[in-house]
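In what follows, a single structure is set out as structure tokens and then discussed.
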Amino acid sequence: MLLIRTVIRASEIHGNGVFAVEEVAAGTVVWRYEPNFDRVISDQELDGMPAAFWDYINMYAYPSSELGGRLLLPCDHAKFLNHSADPNTIELPLKSIASRIIHMGEEITCDYSKFCVDWAGFD
């Protein structure tokens, strides 16, 4: 769950991205896993689902290294966070903090390899 105010806009990195609508101080917790809000998707829930659902899950959920490889689906703008090799967040267990000041209007980025099981980059 994002803990700062954000907006979704077109991204120069990929498709849509998450942009800050307020200045965020370095060290601020930007996102944290909230089990009452974010969804962990079980294998049983995936059984028999239509192709459209699979497409959605493949785009927005990820196998979380912090949740034993279970699929985590952020249920807010966080599903639009884009990867960067030089992100403006630091990934800690089940939360992200600003690594530096994130300016109003700046895209918020993260390093997928820090929380996504077996992430090896884009094809």
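What you see is a predicted model, and the numbers here were worked out from it, not measured in a lab.
Among V40, D43, I41, the single residue meeting the side-chain contact (heavy atoms from CB on, under 4.5 Å) criterion with R70 is V40.
N88 places a side-chain N or O within donor-acceptor distance of the main-chain N or O of E107, the cut-off being under 3.5 Å. Judged by distance alone, the side chain of S96 and the main-chain N or O of T89 form no donor-acceptor pair under 3.5 Å. No donor-acceptor pair closer than 3.5 Å links the side chain of H103 to the backbone N or O of E23.
Counting non-hydrogen atoms of neighbouring residues, nucleotides and ligands closer than 6.0 angstrom, the CE atom of M59 reaches no more than 12 such neighbours. For D86, the CG atom is loosely surrounded, since the number of other residues' heavy atoms within 6.0 Å does not exceed 12. Counting heavy atoms of neighbouring residues, nucleotides and ligands inside a 6.0 Å radius, atom NZ of K114 does not exceed 12 of them.
Ionic pairing of E34 and R39 is not present here: no N-O contact between side-chain nitrogen and carboxylate oxygen is shorter than 4.0 angstrom.
For the residue pair K79 / Y62, no side-chain donor-acceptor distance below 3.5 Å is found, with atom types taken as modelled. With 3.5 Å as the limit, one finds a donor-acceptor pair spanning the side chains of N82 and S11.
For the pair L72/Y33, a side-chain contact is recorded, criterion being any heavy-atom separation below 4.5 Å from C-beta on. Contact of the F53 side chain with the L46 side chain is registered, since non-hydrogen atoms from C-beta on lie closer than 4.5 Å. Taking 4.5 Å as the limit, every side-chain heavy atom of S65 sits out of range of all side-chain heavy atoms of C116. Proximity of I4 to I108: side-chain heavy atoms (C-beta onward) are separated by under 4.5 Å at one or more points. Residues F115 and C110 have side chains in contact (heavy-atom distance under 4.5 Å, counting atoms from C-beta outward).
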Quiz item: Passes salt bridge (charged side-chain N to carboxylate O under 4.0 Å, His left out), E66 versus K95? Steps please.
Solution: CA-CA 10 Å; E66 292 136 344; K95 69 179 174 181; over 6 Å; no
Exercise. Run the numbers on F37 and D76 for side chain to side chain contact (heavy atoms under 4.5 Å, CB included), then give the verdict.
Key: CA-CA 9 Å; F37 184 73; D76 62 0; 3.7 Å; yes
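Distance CZ/F80 to CG/L2: 11.5 Å, rounded to 0.5 Å.
No single ILVMFWY cluster, assembled from side-chain heavy atoms under 4.5 Å apart, contains both M1 and V30.
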